[in-house]
Structures are given as C-alpha cells and as structure tokens.
Amino acid sequence: MTAFLEVDHVDKVFPLADGGRYIALKNIHLEIKQGEFVCLLGHSGCGKSTLLNIVAGLDKPTQGGIILENKQVKQPGPDRMVVFQNYSLLPWKTVRQNISLAVNQVYSHKSDRDRRAIVEEHIDMVNLRHAADKHPSELSGGMKQRVAIARALAIRPKLLLLDEPFGALDALTRGSLQEQLMKICQEHQVTCLMVTHDADEALLLADRIVMLTNGPESHIGQILNINIPRPRNRLEVVNHPNYYPLRSEIVYFLNQQKKAKKRQTKAPAVISSHGIEKANLELGFIPLTDCAPLIVAQEKGFFAKHGLTGVNLVKESSWSAIASGVTSGKLDAAQMVAGMPLALTIGMNNNTPVPTVTALTLSHNGNAITLSKEFYERGVRTLADFKKAIAIDSDRVYTLGMVDDASMHNLMLRYWLAADGIDPDRDVNLVVIPPAEMVANLKAGKIDGYCAGEPWNSQAVQENIGFVIATDLDIWPNYLEKVLGVREDWANQYPETHLALIKALMEACQYCDDRRHREEIVQLISQPQYVGSAPEYIRPGFLDAYNRGTGEPSQLLPKYNEFYLNKTNYPSRVEGLWILVQMARWGILPFPRNWIEIVDRVRRTDVYSEAARQLNLPGLAPERTSFQLFDGSVFNPDNPLEYLQGLKIKREIRVEEVQIDLIPTEVA
Ligand SMILES: Nc1ncnc2c1ncn2[C@@H]1O[C@H](COP(=O)(O)OP(=O)(O)OP(=O)(O)O)[C@@H](O)[C@H]1O
C-alpha cells in the first residue's frame with residue numbers, strides 16, 4: 001500500500017548571511033496513513049516548523065520531496081491547510097466572514113446556499129454560534145484558534161497541518177480545544193500532522209509521535225506508536241497502563257537530546273575549510289580482501305590527492321591489536337569490524353570506554369561460514385543438517401572460530417545458529433581467532449569451522465579442508481562489514497584530516513567497485529606487505545565465480561565484496577542499532593537505554609555527508625525502515641527492546657544508561 005503522505009528523504013539547508021550554510025533537516029523519511037494523527041515533537045529549534053512548512057508547500061526542501069496521494073507537493077494548496085499558533089485571522093472580518101472567505105475561494109463552483117451551509121456547519125462544529133458576528137479583537141485566544149481550525153476544516157483539506165496551535169493559550173482553554181480537535185478529527189477522519197513540544201498533548205492526540213533530534217542535521221530519532229485506544233479522553237489516557245511508559249520514553253528522549261546539545265556546543269560545530277591539520281597518519285588494517293580500499297587509496301594516490309602525503313599502512317595481526325592501536329593512539333585510524341566503534345565507546349569486556357566514531361562504511365558483505373570437510377562427508381549441507389550432526393555426538397562440543405566479539409562474523413554466526421535453535425554459547429564453543437590464522441587452525445583440527453572474511457574461506461575450499469555452508473549473502477544480503485574507526489577526540493582535534501581521510505577512502509571505494517580494476521587490485525593486495533595471499537584465493541567472489549567446495553557449480557556473486565555501490569559507504573544508524581541489539585542479545589554489552597545518543601555519537605553521518613557533498617557524490621542514506629534477515633524475523637528500528645524481548649535464544653538482557661558524558665576523552 002502506498003502512503004497517503006510521504007515525506008521522501010527530505011533535507012533542508014539554509015544559506016547563512018556569512019556565506020555558510022545551516023543544515024536544519026537531514027534525510028527525514030516518514031510515511032503517514034490516511035486518517036492518521038501524527039505529532040512532531042522535539043526541542044525548540046530542531047526543525048519541526050521547517051518540516052511542517054515543507055509539507056505545506058510554503059517552503060521547499062533542498063533534497064527530497066513531499067508526495068501527497070501520489071502527487072508531488074510543489075506549492076501551497078487547499079488540500080493542505082495550516083493552522084498556526086498566531087491564528088492569522090483577518091482582523092476586519094467577523095468569524096463568519098473569515099470562514100466564508102476560505103470557503104468561497106475553494107468552493108467557487110458551489111451555490112451560495114451550499115457555501116453558506118458549509119460555513120454554518122463549521123461555526124457549530126467549533127461551538128462559536130454565539131460569536132459568529134464578532135471580530136477577532138472581541139474574541140479570546142481560544143476562540144480565535146477555534147475560528148482558525150473551523151476555517152481550515154471547512155474546506156475539507158486532505159491534510160490538516162497544525163503548528164503549535166494551542167501554544168499561546170491558557171491550560172484550560174488548551175485542554176478543551178485539544179479534546180474538540182480530537183473529536184472532530186476522529187469523526188471526520190482528518191489526517192493530521194501537528195507540531196508540538198508538549199508530551200501530554202502529543203500523547204492525547206497522536207497515533208504516532210515522531211521525535212526529532214536537535215539540529216544541526218536534525219533527523220528522526222525515534223517513532224512511538226501510541227497504543228492507547230480511541231475514542232480517548234484525557235482522564236482515560238492518563239490512567240491507561242501504556243501512558244507512563246510512553247511518557248517517560250518521550251521525556252527520556254528529550255533529556256538525551258538536551259545532553260547531546262551540550263556536548264555539541266563543546267565540540268567544533270562547523271568543519272573549517274582551511275588545510276588539513278595532520279598529513280602523517282598511521283593507518284591500521286588486517287590482511288583481508290576487504291582491506292582493498294586502504295591499499296588502493298595508498299597505491300593509487302587517493303590519500304596524497306587529498307593532502308595526506310605521509311600515510312603509513314600498518315598491518316596488524318588481530319582485531320584486538322587494531323582496537324588497542326586506536327585507543328592507545330599508536331594508530332590514528334583503522335579498518336575496524338563494524339561493531340568495534342560502538343563496543344569501544346561503551347567499553348566492551350570491562351575495558352575503559354573510549355569514545356570512537358565511524359563516518360564511513362568501507363565494505364558490505366564478504367564473509368562466509370566454512371565448516372571442516374568432515375561435516376561434508378557426514379552429509380551436512382544445510383543449517384538443519386549441521387544441527388543434527390552436532391546433536392548426534394552429545395559428548396563432543398564443536399568449536400567454531402570467529403574473529404572478534406564486536407565483529408559481524410560473530411553476530412552473523414550467532415544469528416545463523418540461533419535461527420535454527422542452536423544456542424551459540426551452549427551447543428557449540430565459539431573462540432576468537434585472527435582471520436589469517438583460521439585456515440591453519442582448521443587444518444590442525446583445533447576448530448571445526450569458522451566465520452571469517454576472504455580470502456580465508458576460499459583458501460580452505462581450495463586446500464580441500466573445508467566447505468562454505470553459507471555466505472553472508474545467504475543470511476543478510478547487503479549488510480555493513482568493515483568501517484573506518486577513529487577516536488572521537490582525534491576526530492575533534494583533526495576535523496579536516498578526518499574529512500580528507502574519508503574523502504580519499506570514498507574515492508578508493510569507488511575505484512574498487514569498478515570491476516575493470518579488480519584484477520589490478522588482486523595483484524596489489526596479494527603482495528606480502530598487504531594480504532600476503534595467493535591471487536587464486538582472492539579472486540573467487542571478488543572477481544571470479546565463487547566456489548563453495550560443495551561440488552555445486554561455482555557462482556558469480558556480484559555483491560559479495562562491495563565497496564561503494566548500493567549505498568555501501570553511508571554509516572547507517574539503523575545498522576548500528578542492529579549491532580547494539582545483537583551485542584545485547586548475547587550479553588556482550590548492555591543495551592544502552594540512551595541508544596539514540598550512542599548511535600548518533602558513534603555513527604557520524606554528518607562527516608560522511610560533508611565528504612560526499614565536497615566530492616559531489618550523492619549524500620546517500622538508507623531508509624529508516626524495518627528489514628528482514630534470512631529467517632524472516634523483522635527488525636524494527638523504532639522498537640529495539642520489543643525485538644530483543646521477542647527473541648527465543650538470548651542471554652539475560654541488561655538495559656543500562658551509558659554515561660557517555662562521564663567517559664574521559666583524553667586517553668593516555
Ligand atoms: N531562514 C532561515 N535561515 C537560517 N536558519 C533558519 C531559517 N529558518 C529556520 N532556521 C533554523 O532552522 C532550525 C529549525 O527551525 P524551526 O523553526 O523549524 O524549529 P522548531 O523546531 O519549529 O522550533 P520552535 O519549537 O522553537 O518553533 C533553527 O535552528 C532555525 O534557527
């Protein structure tokens with residue numbers, strides 16, 4: 001079903017008098033059903049009115065658009081009536097005349113009698129019969145606002161837009177008008193979008209509350225479904241069991257935003273345009289096919305092009321070495337497994353939290369689950385076969401390798417196992433092993449399988465010691481894999497260097513996804529100082545058809561190693577949230593009660609967008625929608641706790657507020 005109203009990835013940028021620009025709204029995507037009442041809530045200045053004005057057609061989005069009943073909104077129109085806080089009535093006209101004026105304009109094809117009947121109906125609707133011939137100066141604020149609502153409703157707009165309509169009224173008048181509005185909207189099935197900063201007003205009126213983060217780059221932080229039945233009255237709403245949990249969620253959100261604002265004022269808000277601060281960088285990577293963008297940026301001159309003339313690529317042997325390299329300051333930046341910036345920020349494994357950010361996803365996909373050939377010989381072809389095979393031998397616990405607790409390898413392997421009822425902590429033994437040591441461990445019989453990136457699966461297949469039972473494309477196509485991570489204090493200290501690094505790597509990623517370059521890249525990365533692996537282990541999946549070692553024909557997997565296409569580089573918040581949820585599921589980290597703050601702080605879409613803008617690349621952003629993995633289970637980013645509670649196999653979930661402001665930003 002298409003939405004009645006679609007706010008389609010809207011950005012709004014205001015030019016400033018000093019020649020700069022203010023990004024008020026970033027990538028707002030929202031779909032509203034017919035008859036729905038949606039409230040926009042957020043702190044003053046977050047962009048609520050700007051968004052409402054764009055929907056009304058009074059202002060234009062810088063990017064994206066508004067679609068109402070499949071038609072693009074380009075200007076104001078009678079199908080969208082706006083009610084402002086200041087009533088905007090004509091002072092020289094009476095109540096009746098103010099309403100008539102709008103009715104006569106829109107219904108010029110109707111007879112005088114019909115038009116009069118509409119005007120009178122709406123005077124009655126808002127209980128103003130006794131004041132029909134009065135002028136605005138003779139009316140109270142509440143009465144004036146009722147005239148404005150009657151005038152808006154009289155022309156039967158498809159959409160009623162309300163911008164803090166009751167903000168200037170006393171509490172009593174506000175309360176009675178809210179109830180009248182609710183009644184009218186329900187009786188006449190009016191679709192409403194209303195701006196408010198009053199949590200109680202929103203809870204009384206809305207079907208959904210869309211909460212905007214503070215600007216700049218305000219975006220939708222969270223959407224709450226107000227599951228309180230209608231018809232509603234204030235007393236019943238307040239006494240409903242869902243009321244307080246919902247209200248505290250709103251208050252919590254607003255407090256988080258207040259805290260984030262304080263932090264933003266300390267950090268540099270605008271990226272300056274002068275030269276980079278640090279040209280010599282120590283940049284960590286792990287020998288894997290998907291370290292290609294870093295090697296390409298160095299070897300093909302993208303770092304130098306962006307002023308980073310002294311980049312030293314540091315080959316590390318394990319992800320823990322990458323983590324300690326970045327947190328200790330030995331490395332300026334590094335290729336990281338996707339969950340590492342979040343895990344370092346929160347403080348995984350009782351380590352001191354070190355706020356770490358990522359503004360770039362370096363790759364999508366590229367992992368596989370390899371099992372030893374022994375399983376193949378025992379007839380294992382599917383996850384269900386694997387489950388049976390490990391259950392037969394109840395004395396033996398099979399050991400599977402993965403590369404880091406915060407890696408997608410760990411989370412995907414666990415997800416895959418649990419999808420068929422295998423508890424990854426009880427039914428198998430998971431161990432952390434650096435990627436390049438997987439094959440040797442499998443060969444030595446120390447592990448029975450693993451989840452790792454390439455070329456380490458293809459090597460096991462070609463050496464005939466393992467077979468690929470699933471690639472990550474079979475589990476969750478198009479998911480984030482490696483990211484570029486830097487410490488937050490480093491990013492604040494060297495904003496231009498950070499931006500230059502992101503730009504160089506974005507261009508390198510683009511280069512990597514031009515398949516004409518793939519053979520050249522195979523030759524580059526196979527060198528001993530980089531991946532140090534034979535080109536024939538690197539080519540499958542990266543360039544050539546992929547061989548799973550199952551006797552099946554090799555298969556071309558065009559999306560297996562992706563570096564740029566399909567919105568790879570955008571550091572999507574929803575993907576970050578999925579990682580937080582999965583880490584909480586397995587007890588690796590507590591689930592942060594303040595997850596919006598954490599995800600926003602770690603996944604720096606602002607830096608990404610600035611880099612994309614400077615390179616004239618689209619500031620792409622994945623949609624804020626639910627998505628499904630191979631087992632059919634749906635991840636709804638608006639309700640992570642409900643998702644967590646619904647999972648069958650999980651550890652005890654800890655939900656804790658992460659005191660991110662108390663985390664020292666200076667690390668020894
Ligand atoms: N024409 C403009 N030029 C520059 N900046 C603007 C312009 N209009 C709005 N802004 C800025 O955009 C941001 C969003 O403003 P907006 O009025 O939409 O916020 P709001 O959430 O409706 O605030 P409030 O609740 O106080 O009405 C603010 O920081 C504001 O200063």
Side-chain angles (χ1 to χ4, degrees), residues 7 10-18 20-28 30 37-56 58-62 82-88 141-142 145 148 160-171 173-175 177-178 181 192-206 208-224 226 246-270 594 596-597 600-601 605-606 661:
V7 177
V10 162
D11 288 1
K12 180 67 190 177
V13 182
F14 290 110
L16 298 177
D18 64 0
R21 44 188 217 124
Y22 182 78
I23 306 174
L25 300 174
K26 186 78 198 167
N27 195 34
I28 307 279
L30 180 65
F37 199 123
V38 172
C39 276
L40 290 175
L41 193 97
H43 283 296
S44 179
C46 72
K48 303 179 293 293
S49 300
T50 303
L51 182 57
L52 198 86
N53 287 340
I54 291 172
V55 175
L58 296 168
D59 201 350
K60 287 198 167 39
T62 313
V82 193
V83 176
F84 295 104
Q85 193 183 103
N86 62 4
Y87 328 121
S88 47
Q145 200 53 296
L160 184 62
L161 301 165
L162 303 128
D163 193 351
E164 304 243 25
F166 312 130
L169 306 177
D170 64 88
T173 315
R174 192 184 319 143
L177 269 189
Q178 285 165 348
L181 174 69
C192 278
L193 181 62
M194 173 164 158
V195 163
T196 181
H197 56 243
D198 178 343
D200 289 310
E201 178 167 272
L203 281 165
L204 176 70
L205 297 175
R208 282 189 300 154
I209 300 178
V210 174
M211 299 195 283
L212 295 181
T213 62
N214 284 343
E217 302 207 5
S218 172
H219 60 92
I220 296 176
Q222 200 177 353
I223 300 181
L224 290 182
I226 309 306
L246 285 166
R247 192 175 195 286
S248 54
E249 198 63 29
I250 296 172
V251 172
Y252 190 80
F253 173 87
L254 294 173
N255 282 338
Q256 271 191 62
Q257 290 304 309
K258 211 185 279 173
K259 269 178 26 191
K261 186 90 199 158
K262 265 196 214 147
R263 189 165 39 77
Q264 272 170 10
T265 48
K266 283 184 222 148
V270 183
N594 49 335
I596 296 173
E597 182 190 355
D600 274 7
R601 185 158 173 180
T605 54
D606 55 336
D661 284 333

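For the numbers below, each heavy atom of this structure counts, side chains included, while hydrogens, waters and symmetry mates do not. This one's a predicted model, so the numbers in the text were calculated from it and none came from an experiment.
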Got a donor-acceptor contact below 3.5 angstrom from the [X] side chain to the [Y] backbone?
| X | Y | result |
| --- | --- | --- |
| Ser218 | Cys46 | yes |
| Thr213 | Gly221 | no |
| Asp59 | Asn53 | no |
| Lys48 | His43 | yes |
| Glu597 | Gln256 | no |

How long is the span from the [atom1] atom in [X] to the [atom2] atom in [Y], to the nearest 0.5 Å?
| X | Y | atom1 | atom2 | result |
| --- | --- | --- | --- | --- |
| Arg601 | Lys259 | CZ | NZ | 9.5 Å |
| Phe84 | Gln145 | CZ | CD | 10.5 Å |
| Leu40 | Leu30 | CG | CG | 7.0 Å |
| Leu204 | Phe37 | CG | CZ | 9.0 Å |
| Thr196 | Ile209 | OG1 | CD1 | 9.0 Å |
| Leu205 | Gln178 | CG | CD | 5.5 Å |

Item to complete: Please step through side-chain contact (heavy atoms from CB on, under 4.5 Å) for the pair Phe14 and Thr50, ending with a clear verdict.
Response: CA-CA 10 Å; Phe14 290 110; Thr50 303; 3.8 Å; yes

Discussion item. Working note: Asp606 + Lys26, criterion side-chain contact (heavy atoms from CB on, under 4.5 Å); need CA distance, chi angles, decisive distance, verdict.
Written reply: CA-CA 9 Å; Asp606 55 336; Lys26 186 78 198 167; over 6 Å; no

Close side-chain approach of [X] and [Y], heavy atoms under 4.5 Å:
| X | Y | value |
| --- | --- | --- |
| Leu193 | Leu162 | no |
| Ile596 | Gln222 | yes |
| Arg247 | Ile250 | no |
| Asn27 | Asp11 | yes |
| Pro165 | Met194 | yes |
| Leu254 | His197 | no |

Fill in: Closest non-hydrogen atom pair, Ser49 against Val195
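In this case the closest contact between Ser49 and Val195 is N-CG2, 4.4 Å.
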
Discussion item. Which residue is it: Leu181, Asp198, Val83? I am looking for the one with a side chain to side chain contact (heavy atoms under 4.5 Å, CB included) to Phe166.
Written reply: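 Only one option passes, and that is Leu181.
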
Discussion item. Going by side chain to side chain contact (heavy atoms under 4.5 Å, CB included), Leu25 matches just one of Val7, Val13, Leu51. Which one?
Written reply: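 Single side chain to side chain contact (heavy atoms under 4.5 Å, CB included) partner of Leu25 among Val7, Val13, Leu51: Leu51.
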
